[in-house]
Amino acid sequence: MADRITVIGWDGTPLTEAAASALAGATLVAGAPYQLNALPVPADAERIALGSIADAANRLAEHRGGAVVVAEGDPGFFGVVRTLRRPEYGLELEVLPAVSSVATAFARAGMAWEDAQVVSAHGGRLRRAANICRANPKVAVLTTADAGPAELALMLHGVPRTFVVCEALGTPEEDVTVLTSERVPDRDWRDPSVVLVIGGGQPLAGTEAAGWLAGRPVSFPAPEHGWALPAPAYAGADAAPGAEDAESELPAQVRALALARLGPVPGDLVWTIGAGGAAVAVDAARLGAAAVAVQPDPAACARLVLAARRHAAEVEVVQGEGPEALGGLPEPDAVLVGSGGADLVRAVVARRPDRVVAVAANLAEAGELRRIAEAAGYRVDGALLQSAPLTPARAEHDRPSFGPADHTLILWAKAA
């Protein structure tokens with residue numbers, strides 16, 4: 001068992017008495033080069049520039065004597081503590097945190113942040129971090145040297161957002177810049193940085209967060225809780241009667257199965273294409289995924305924008321039809337093809353999403369869609385789903401009855 005390791009969170013302010021004492025007695029100090037240069041590290045102490053946390057942990061496990069690890073802000077919040085606490089290293093930690101860089105960034109911006117999402121782009125997760133920014137109106141992104149503000153803005157091309165770029169927080173070179181997302185790639189940015197990505201649609205009155213739960217607010221309008229709601233729930237707020245007919249091709253029961261097979265989670269990007277996809281896009285967004293809905297009809301697009309707003313969901317709406325409408329879309333994790341047949345499914349599997357759900361018009365088309373997906377390396381299954389609405393009894397002693405039955409052929413595919 002290694003000696004006790006002191007992990008000091010530093011935000012550029014003077015060290016606390018406990019942190020200064022631990023540092024003064026250390027015979028090994030690990031930290032970023034700028035931290036090692038700025039802090040009073042003992043002259044005879046071994047210095048480790050933190051690159052690989054795992055390599056540093058192995059060296060700390062071998063060391064005997066006082067050891068200190070210096071990290072930014074709160075090292076227990078997206079910081080080194082998670083790695084250092086792994087059982088294979090056998091390290092005993094004392095953590096002395098400072099204000100986290102995320103809290104500092106929001107303070108510099110003068111914004112509350114209990115309703116913000118916080119995501120790290122470290123470890124090759126830039127695309128998933130960008131999807132969180134697509135799906136939420138307030139996100140803090142912890143960036144890296146190769147996944148910084150410019151790279152994040154490029155991933156969000158076409159999505160209007162305001163960036164608050166906080167560079168080198170807590171250092172003499174600290175700088176906070178506010179600009180629109182399309183201007184971010186035009187500049188060089190320093191590492192480390194925290195980027196606040198702000199914008200998107202705002203929920204209507206009555207759907208605001210309750211102010212007691214941190215993170216993404218659960219803001220389903222009462223009394224409609226849950227997902228895969230009846231089609232009228234997704235009509236635009238000012239839609240005329242019958243405007244929900246675009247969703248009639250996919251009943252709620254079918255949409256529930258489609259959502260189960262799409263499996264949308266935060267960090268995913270879901271495409272929904274064609275008839276029946278608008279409500280699924282809203283539900284995917286309500287479950288935390290980023291959603292792009294492709295609709296051919298301008299009126300349907302307008303209704304979808306209003307429906308998404310009613311449900312406090314971030315949905316990017318693209319007017320278009322056929323495979324050519326998909327060319328400029330960001331890479332998806334899951335796709336629903338509500339209509340469009342073989343050509344659309346062929347174009348979708350060429351983009352290699354992990355999960356695909358498609359609705360077939362008949363058995364012949366279902367067979368063709370299955371062959372296309374299997375030829376592309378997907379494992380395919382499907383079902384003929386029959387459902388009939390239960391209608392209430394007309395009199396007290398009558399039995400309830402069923403309305404007209406609906407039959408839907410639905411296939412789902414998983415990348416092998």
Side-chain angles (χ1 to χ4, degrees), residues 126-136 155-159 200-201 227-228 234 246-247 249-250 254-298 300-301 303-305 307-308 311 313-360 369 372-373 376-378 380 382 410-415:
L126 177 62
R127 190 179 73 86
R128 297 190 70 80
N131 287 339
I132 294 291
C133 295
R134 287 175 176 273
N136 295 274
M155 292 289 269
L156 292 172
H157 177 70
V159 180
W227 40 266
Y234 297 94
E247 292 305 317
E249 297 179 39
L250 285 188
V254 178
R255 284 186 271 114
L257 176 59
L259 281 162
R261 296 302 181 181
L262 291 170
V265 297
D268 281 351
L269 175 61
V270 178
W271 293 355
T272 67
I273 306 169
V280 175
V282 173
D283 274 326
R286 295 170 77 206
L287 292 168
V292 176
V294 181
Q295 293 283 324
D297 178 44
C301 290
R303 289 195 297 270
L304 175 52
V305 169
H311 291 277
E314 293 283 341
V315 178
E316 182 180 348
V317 181
V318 176
Q319 183 186 341
E321 191 171 9
E324 61 275 6
L326 312 181
L329 301 185
E331 299 307 311
D333 298 282
V335 179
L336 168 72
V337 182
S339 61
D343 288 343
L344 262 177
V345 170
R346 191 175 288 109
V348 164
V349 298
R351 298 289 289 270
R352 302 302 301 168
D354 183 62
R355 302 163 317 272
V356 179
V357 174
V359 177
L369 299 185
I372 290 170
Y378 286 81
V380 185
I410 185 168
L411 291 87
W412 51 90
K414 179 77 167 63

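Note that the numbering runs from 1 along the sequence shown for the chain. The basis for the numbers below is simple: all heavy atoms, side chains too, and nothing from hydrogens, waters or symmetry mates.
Residues that satisfy the salt bridge (charged side-chain N to carboxylate O under 4.0 Å, His left out) test with Arg351, not counting sequence neighbours, are Glu331.
Salt bridge Glu316/Arg134: present, at least one basic N to carboxylate O contact under 4.0 Å.
A distance-only check finds a donor-acceptor pair linking the side chain of Gln295 to the backbone of Gly274 [under 3.5 Å].
Arg127 approaches Pro332 most closely through the heavy-atom pair NH1-C, 4.5 Å. For the pair Gly277 and Thr272, the tightest heavy-atom approach, listed with the atom from each and the gap, is O-OG1, 3.0 Å. Looking at every heavy atom in both residues, Ala135 comes nearest to Ala289 through CB-O, 3.3 Å. When all heavy atoms are compared, the tightest approach of Leu269 to Ala291 is CD1-N, 4.1 Å. The nearest pair of heavy atoms linking Arg255 to Ala279 is CD-CB, 3.7 Å. Of all the heavy atoms in Pro353 and Ala415, the pair that sits closest is O-CB, 4.1 Å.
Ser339 places none of its side-chain heavy atoms less than 4.5 Å from the side chain of Val359. At a threshold of 4.5 Å between non-hydrogen side-chain atoms, the residues Ile273 and Leu344 count as touching. With a 4.5 Å cut-off on side-chain heavy atoms, Val349 and Ile372 count as touching. Val357 is not listed as a side-chain neighbour of Val335, based on a closest heavy-atom distance of 4.5 Å or more.
Separation of atoms CG (Leu369) and CG (Leu411) is listed at 6.0 Å; rounding is to 0.5 Å. If you take CG on Leu304 and CG on Asp297, they are separated by 11.5 Å, rounding to the nearest 0.5 Å. Rounding to the nearest 0.5 Å gives a distance of 7.0 Å between CG of Asn136 and CD of Glu314. How far CH2 of Trp271 is from CG of Leu329: 5.0 Å, rounded to the nearest 0.5 Å.
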Decide yes or no on side-chain contact (heavy atoms from CB on, under 4.5 Å) for Val356 and Leu262, but give the supporting numbers first. CA-CA 7 Å; Val356 179; Leu262 291 170; over 6 Å; no
After noting the C-alpha distance and the side-chain angles of Leu257 and Trp412, does the key distance pass the side-chain contact (heavy atoms from CB on, under 4.5 Å) rule? CA-CA 10 Å; Leu257 176 59; Trp412 51 90; 3.9 Å; yes
Verdict with reasoning, Leu336 to Val270, per side-chain contact (heavy atoms from CB on, under 4.5 Å): CA-CA 8 Å; Leu336 168 72; Val270 178; 5.8 Å; no
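Within the structure, no pair that satisfies the salt bridge (Lys or Arg N to Asp or Glu O under 4.0 Å) test touches residues 318-328, not counting sequence neighbours. Sorted by first and then second residue, the salt bridge (Lys or Arg N to Asp or Glu O under 4.0 Å) pairs involving residues 257-282 (not counting sequence neighbours) are Arg128-Asp268, Asp268-Arg355.
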